[in-house]
Structure formats: structure tokens, C-alpha cells
Amino acid sequence: EEGIDIPAVPYGIFFEPVPSALRMIQRAGRIGRTEIGKVYMLVTKDTIDEKYFWVAKHKQARMEQLLDDLKEGLKGQKTLDSFK
């Protein structure tokens, strides 16, 4: 996730999952910058890889839900432009 940046990569293959949602998002964000890309994650069944994958997946889903809740809570609030 902190390596070389090649903008025209349509696919990414990750050989190990990480338990951090932020790192997972950063890794995926390096794929498909110029057009929609696809990420493949290799996960070995019944190993720590599987646990790491699901931990990060659930953390990412919770993060997205929190952001949606924040956006919903901000609806109807005044913006800086309304104070002009």
C-alpha cells in the first residue's frame, strides 16, 4: 500500500489480507485510478488469513455505515454559504 504508483493498473492481486480496514482501503485505492479496477484477495481457508480478511471487511463496513450516518445527520444544517 505504500509502494510504487502505476496509475493504469486495472487489476490487483493481494497475496495476504490485512486486519486493518484503513490499510485494506489504501491497498485497493492503488488499483484502477484511471478507470474502474478490480482487486483479487488470495485467502487460505481455515488460517489467520481468513480471520484477517473478515475483520478488515467488517471494520470497513462499519466505517462506511458511520460515514453514512454522519452524512444523514448533517442534512438540513446550515452551510458556510448560508451565512453570507
Rounded to the nearest 0.5 Å, what separation is found between the CG atom of L66 and the CD atom of E64?
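Rounded to the nearest 0.5 Å, the CG-CD separation comes to 10.5 Å.
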If I take atom CG from residue D49 and atom CZ from residue F14, how far apart are they, to the nearest 0.5 angstrom?
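The CZ atom of F14 is 14.0 Å from CG of D49, to the nearest 0.5 Å.
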Decide if atom CD1 of I36 counts as having more than 12 heavy atoms of other residues, nucleotides or ligands within a radius under 6.0 Å.
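Counting neighbours around CD1 of I36, 12 or fewer heavy atoms of other residues, nucleotides or ligands fall under 6.0 Å, so no.
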Hey, is CD1 on I13 packed in by over 12 heavy atoms from elsewhere, all under 6.0 Å?
no
Any L22 side-chain heavy atom under 4.5 Å of M63 side chain
yes
So do the side chains of H58 and R62 get within less than 4.5 Å of each other, counting heavy atoms only?
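Sidechains of R62 and H58: no contact.
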Is V43 reachable from W54 through a run of I, L, V, M, F, W or Y residues, each pair having side-chain heavy atoms under 4.5 Å apart?
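Hydrophobic grouping puts W54 with V43.
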When hydrophobic residues are tied together by side-chain contacts of less than 4.5 Å, even through go-betweens, does F53 share a cluster with I31?
yes
Does M24 form a side chain to side chain contact (heavy atoms under 4.5 Å, CB included) with K59? I'd like the steps, not just the answer.
CA-CA 10 Å; M24 193 169 179; K59 285 180 181 178; over 6 Å; no
Closest non-hydrogen contact found for A56 with V18 is CB-O, 3.1 Å
Quick check against the 3.5 Å criterion: does E50 have a side-chain atom that pairs as donor or acceptor with the backbone of D46?
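Yes: the side chain of E50 pairs with the backbone of D46.
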